[in-house]
Structures are given as structure tokens and as C-alpha cells.
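These values consider heavy atoms only, across backbone and side chains, with no hydrogens, waters or symmetry-generated copies.
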There are 2 protein chains.
Amino acid sequence: MKEIEQRLTENGVRPTAMRILIYKYMAESEVAIALTDIENAFAKADRTTLFRTLKTFEQKGVVHQIDDGTGVQKYALCETGCNCELEQDLHLHFHCNNCNETVCLTEHKIPNINLPEGYVAEDANLVLKGICEKCST
Amino acid sequence: MKEIEQRLTENGVRPTAMRILIYKYMAESEVAIALTDIENAFAKADRTTLFRTLKTFEQKGVVHQIDDGTGVQKYALCETGCNCELEQDLHLHFHCNNCNETVCLTEHKIPNINLPEGYVAEDANLVLKGICEKCST
DNA sequence: AATTGTAGTGCAACGGAAGTGCATTTATTA
DNA sequence: TAATAAATGCACTTCCGTTGCACTACAATT
Ligand SMILES: [Mn+2]
Ligand SMILES: [Mn+2]
Ligand SMILES: [Zn+2]
Ligand SMILES: [Zn+2]
């Protein structure tokens, strides 16, 4: 609990009660989280607050946003030491077509791609879709 | 013009006037197209028709859908001979942060990734973001 | 040519999700 | 304690994708 407060403070995010709860919720999840998920988990809180919390977290490098192709923005905690704010920590994400969950594969970095003349890459997003470990057994 | 009709027919899509126009429009574009783009180009036609045309095209392997991370679905014509319907023709896409346009880099295939035990990949999406060739000069 | 059926089109409305303006509450600091 | 700033809540908006249902154009069949 104290660690969460510290983590937030380190990142320039004031550790309010709500923020700590959301952080905790995300830390306990194995999968990427959408705003709707948080909304369901904290029905008492207002959507806007949750929305802005996620945005603040993202901006301060506490979480990174994930576009898994479902059309819903998802988020996951950043690893300690990752510097998403500056340059993306370019790991890939896996989206399961069966259980519809998305996970970070933080060990799997996005390979270097050499682009045609004139193209300058600043960021990359790689999503693999298929059957996840849980669903394949 | 006749080629378009033929192409559509080959793919099991009846070549109506509207469909031919949309195909032509997409063929003349260098970049990926969103529904809104088509809407603007053909103000007289109804959104639904355009929407369903894209869906039909997609389903019949005339176009492929592109998720470039902007939250808007885009489409581009498939290459002749590509078999999107069965397995994705896994080329990468580039989205320009400056002009907001997205292009297919059909020559650049998505590299093979070896996933952890238990994960089975069926599809992949790789989007690079940065400055495009036109905007970098 | 008239009839029947199927595929395409148009209109209207819905629903999810992201986002914003402004008032109110809570925390910080002077 | 008073003044100030930050966080939260409420209401409302916009954008995009999507669907149901009625109507129309087309093609096949008699
Ligand atoms: Mn991740
Ligand atoms: Mn493409
Ligand atoms: Zn799964
Ligand atoms: Zn550009």
C-alpha cells in the first residue's frame, strides 16, 4: 500500500484514495484494463474521474495505453524503470480471440524494421491475435 | 472501368454503380481510406450504403481493414492475388503523425515472432508511426 | 412482358466509448 | 484560518460504428 503511494509520488501523481485503489486494481490484474472495467469495479465513482485518472497515469508514465484492435482503449501498468513518457517501451501485446483479453508480453520486444527511404519511425505497435495460453489448454 | 467490374465479379461482389465508384475512388488513393472519407467524396449516397459496401468488400477480400491506432477504421484495396479472406496478408502499415495519413507498406511483411508456450497466433497487426516520406522532405 | 424473388439502397434510430465545461468538494500552503 | 490549487462529480456532446425496417432496382422464371 505504501509502495503504491510511493510509486505514484515518484511519478508526480498525487496519491489520492481513488488513485491508489485504481492502481491496486490494475496491479492485481493479469490483463490489460479498459475504462469500462474500472467503471464496473468501482461503481460508486464517477466515470470522468476514472477516465481522468487513467489519462493522468498515462501522461505521467504510470501506465501505458494499448490499442489491441478491439476499438476500446486499454491500459496496463508500466514496469518499474520503463520510460514510456519519452520513448515507447516497445513490447508486443497479445489479444485472445477467445476470451477477449489482452496481455502485455513485456519480454517480447518489437523487432527493428527498416523502412523505405524518407520514412522516420517514432513509435510502433505490434499486436498478435489468436488463442492465449489460458484458452489453449 | 471494365477491369473494375471484372475484379468485383471475380470476388463475388455484384458490380453496382456505387460499388464501382467506390472501388475507383479507393484505387486512385495512395492512402488508406476511412468511411468518412468516402462519405465526403460521395455526399449524395447514404452512409449506410457506403458502410455496407466496405463491409462487403472486406468480407469478399476486395479490401482489407487497417487499424492504425487513430480509433478510426480504415481500408485499402487488396493486391491482386492476396488472400486476406483466409490468412492475413501480413504487411505492415505506416501512420504519419504529421499528415495523419496511413499507407500500406505491402513490401514489408511482419516478421515472425515466437511466442511463449501456449500462445497460438492467428493474425498480427504492426503499425509504425512517425513521419512519412511526403512530410519528411 | 408480367411476376416473383433476391440483393442493394436509404432513412432513422441506437449504443458504446471518448471527451469537455463548469460547479463543487477536498487537499495544500501561506 | 484564509487563500489557492487540485481532484472529483454531473451533465452534456461528439464521433463512429452498427442495426431494423421499408423501399427500390435488378435478375431470373414463367
Ligand atoms: Mn503492455
Ligand atoms: Mn494494407
Ligand atoms: Zn484467451
Ligand atoms: Zn505525412
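Heavy atoms of B/T16 sit under 4.0 angstrom from primed sugar atoms or phosphate atoms, though from no base atom. Residue-level contact check: A/R19 touches the backbone only, with heavy atoms under 4.0 Å from sugar-phosphate atoms and none from bases.
If you run side chain to side chain donor-acceptor pair (under 3.5 Å) between B/E101 and each of B/H95, B/K74, B/K134, only B/K134 comes through.
Between the C1' atom of C/dT25 and the CE atom of A/M18 lies a distance of 16 Å, rounded to the nearest Å. Taking atom CZ on A/F51 and atom P on C/dA18, their separation rounds to 8 Å, with Å as the unit. One can place NZ of A/K74 at 10 Å from P of C/dA17, the figure rounded to the nearest angstrom. Computed from coordinates, the A/R47 CZ to C/dT20 C1' distance equals 11 Å when rounded to whole Å. In this structure, B/Y75 places its OH atom 7 Å from P of D/dG17, rounding to the nearest Å. If you measure from atom CD1 of B/I38 to atom P of C/dG10, you get 14 Å, rounded to the nearest angstrom. Between the CG atom of A/D37 and the P atom of C/dA18 there is a distance of 10 Å, given to the nearest Å. Between the C1' atom of C/dG10 and the NZ atom of B/K44 lies a distance of 15 Å, rounded to the nearest Å.
Between C/dG19, D/dG9, C/dA17, one nucleotide has an atom nearer to the side chain of A/A45 than all others, and that is D/dG9. Listed nucleotides D/dG9, C/dA18, D/dT18 differ in distance to A/L35; the shortest reach to its side chain belongs to C/dA18. The B/T49 side chain lies nearest to C/dT9 when the options are C/dT9, C/dT20, D/dG9.
Judged by distance alone, with hydrogens and angles left aside, B/R52 brings no side-chain donor or acceptor close enough to the base of D/dG17 to form a pair under 3.5 Å.
Residue B/K55 has a polar side-chain atom (N or O) positioned under 4.0 Å from OP1 or OP2 of D/dT18.
Projected onto DNA chain D by closest heavy-atom contact, B/T48 and B/R14 fall at different nucleotides, the more 5' of which corresponds to B/T48.
In the displayed structure, B/K24 atom NZ is contacted under 6.0 Å by at most 12 heavy atoms of other residues, nucleotides or ligands. The number of heavy-atom neighbours closer than 6.0 Å to CG of B/N40, taken from other residues, nucleotides and ligands shown, is above 12.
Checked by atom type and distance alone, the side chain of A/H64 never pairs as donor or acceptor with a backbone atom of A/E79 at under 3.5 Å.
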Would B/F42 and B/T49 count as a side chain to side chain contact (heavy atoms under 4.5 Å, CB included) if you check the C-alpha gap in whole Å, the side-chain angles of each, and the deciding distance to 0.1 Å?
CA-CA 11 Å; B/F42 303 98; B/T49 304; over 6 Å; no
